[in-house]
Amino acid sequence: MPIRIKIAKTAAELDSLFKTRHTVFVEEEGYMSPHSDGRIVDRFDTYPTTANVVALVDKEVVGGIRLTEASEAGMPPDMFFDFSNYLPSNTGKRAGASQFCLRQTFRTQAYRIATNLMAIGAYWCIHRGISHVMASINPKIAKLTHRLGFEDLTAPFHDPTHDVEVLPQLWETAKLKDPFIPMIRRLGMHDYLENFDRAFFLKGERIIKFGDAGSTAYVVVAGEVSVDVPGNNASGPETVTLARLGPGELFGELALLTNRPRTTEVTARTDTDLMVLERRVFQQQLQNDPKRMHQVLEMIANRLANTVGFLNH
Ligand code: CMP
């Protein structure tokens, strides 16, 4: 069951998120009282300084985290706590994290959804030059936010205005440890930092099905995938492995360039983290950057040469 993590863009994604917040905060955690329309949404969701990072399974939002860059309109965590005396002297631009939610069934560590939601949120912050993220959290999720690197500023307290328990926390974006930023530095592909769209597959899951129509290409961030041609011999199909691809390598580009069905199967050989390039994003990268165009051409030529070499043996 692949997990997609991205910044919510469509009305359907945002609406699904608002309903999921309600399911988690009201029904699963009992942290809030029910809202008549079954959704949780407030003014910060409408600001252009806000990004809602969502985790999707089959187009349904199963989790999310909201980041709001500091502005004169305020930030959600400030409504519960005055952070001004707690910010270190090296604080640059600030943001607030809020409305973290994750459906109970997806809290298992195998999916690492919480970590990955936070990582995408961190890229968004780093891209905007934000150094510190504040949060006023429900103390019940402190174990999780500590694991993500958030640090407590005080002991938990009761906020009488909103009638909730609050734990104020701070997080430094520079402390993020993950494979993505080292990878884009190594490849020199700094525009990848603007891509907040990722897909996560567990070992053995199929990523691309031979013969399907395709609308996305992928770059491996972490893990390894196998590119296979399925056998068509009824007495014993023999699958031929054409390649194994690892961090920094691109696949799924042929369907976008040719408008033809997928030429192979692609399967996760390990738990795999992929950057997703939608057709339009991929085409724009090629059009805007001759160096990128040349790299992709060279890669396709090499794979063609390998395949021809393979057939000649
Ligand atoms: P696409 O046809 O869209 O989906 C399957 C992908 O497998 C294809 O794009 C390529 O990215 C990749 N692929 C196909 N043939 C090879 C090959 N010989 N070596 C490596 N990758 C390949």
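We count ligands from 1, going down the list as the structure has it; atoms in each ligand are counted the same way.
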What does the contact table look like for ligand 1 (nitrogen or oxygen on each side, cut-off under 3.5 Å)?
{"residue": "ligand 1", "atom": "2 (O)", "partner": "T263", "partner atom": "N", "Å": "2.9"}
{"residue": "ligand 1", "atom": "2 (O)", "partner": "T263", "partner atom": "OG1", "Å": "2.7"}
{"residue": "ligand 1", "atom": "3 (O)", "partner": "G252", "partner atom": "O", "Å": "3.3"}
{"residue": "ligand 1", "atom": "3 (O)", "partner": "A255", "partner atom": "N", "Å": "2.9"}
{"residue": "ligand 1", "atom": "3 (O)", "partner": "R262", "partner atom": "NH1", "Å": "2.7"}
{"residue": "ligand 1", "atom": "7 (O)", "partner": "T264", "partner atom": "OG1", "Å": "3.0"}
{"residue": "ligand 1", "atom": "9 (O)", "partner": "L254", "partner atom": "N", "Å": "3.4"}
{"residue": "ligand 1", "atom": "11 (O)", "partner": "G252", "partner atom": "N", "Å": "2.8"}
{"residue": "ligand 1", "atom": "11 (O)", "partner": "E253", "partner atom": "OE1", "Å": "2.6"}
{"residue": "ligand 1", "atom": "11 (O)", "partner": "E253", "partner atom": "OE2", "Å": "3.3"}
{"residue": "ligand 1", "atom": "18 (N)", "partner": "T307", "partner atom": "OG1", "Å": "2.9"}

#### Entry: Ion pair D45/R21, N-O distance below 4.0 Å
yes

### Task
Would you check if the distance from the ring center of Y192 to the ring center of F180 is below 6.0 Å?
no

## Note on the structure
Closest heavy-atom pair, F83 versus Q169, reported as atoms and distance to 0.1 Å, is CE2-O, 3.6 Å

### Cluster companions of I208 among Ile, Leu, Val, Met, Phe, Trp, Tyr (side-chain spacing under 4.5 Å)
F201, I207, Y218, V220, V225, V227, V229, L242, L245, F251, V266, L274, V276

#### Entry: Counterpart residues, salt bridge (Lys or Arg N to Asp or Glu O under 4.0 Å), relative to R39 (two or more places apart)
D15

### Message
Going by side chain to side chain donor-acceptor pair (under 3.5 Å), name the residues that satisfy it together with R269, two or more places apart in sequence or in a different chain.
### Response
E224

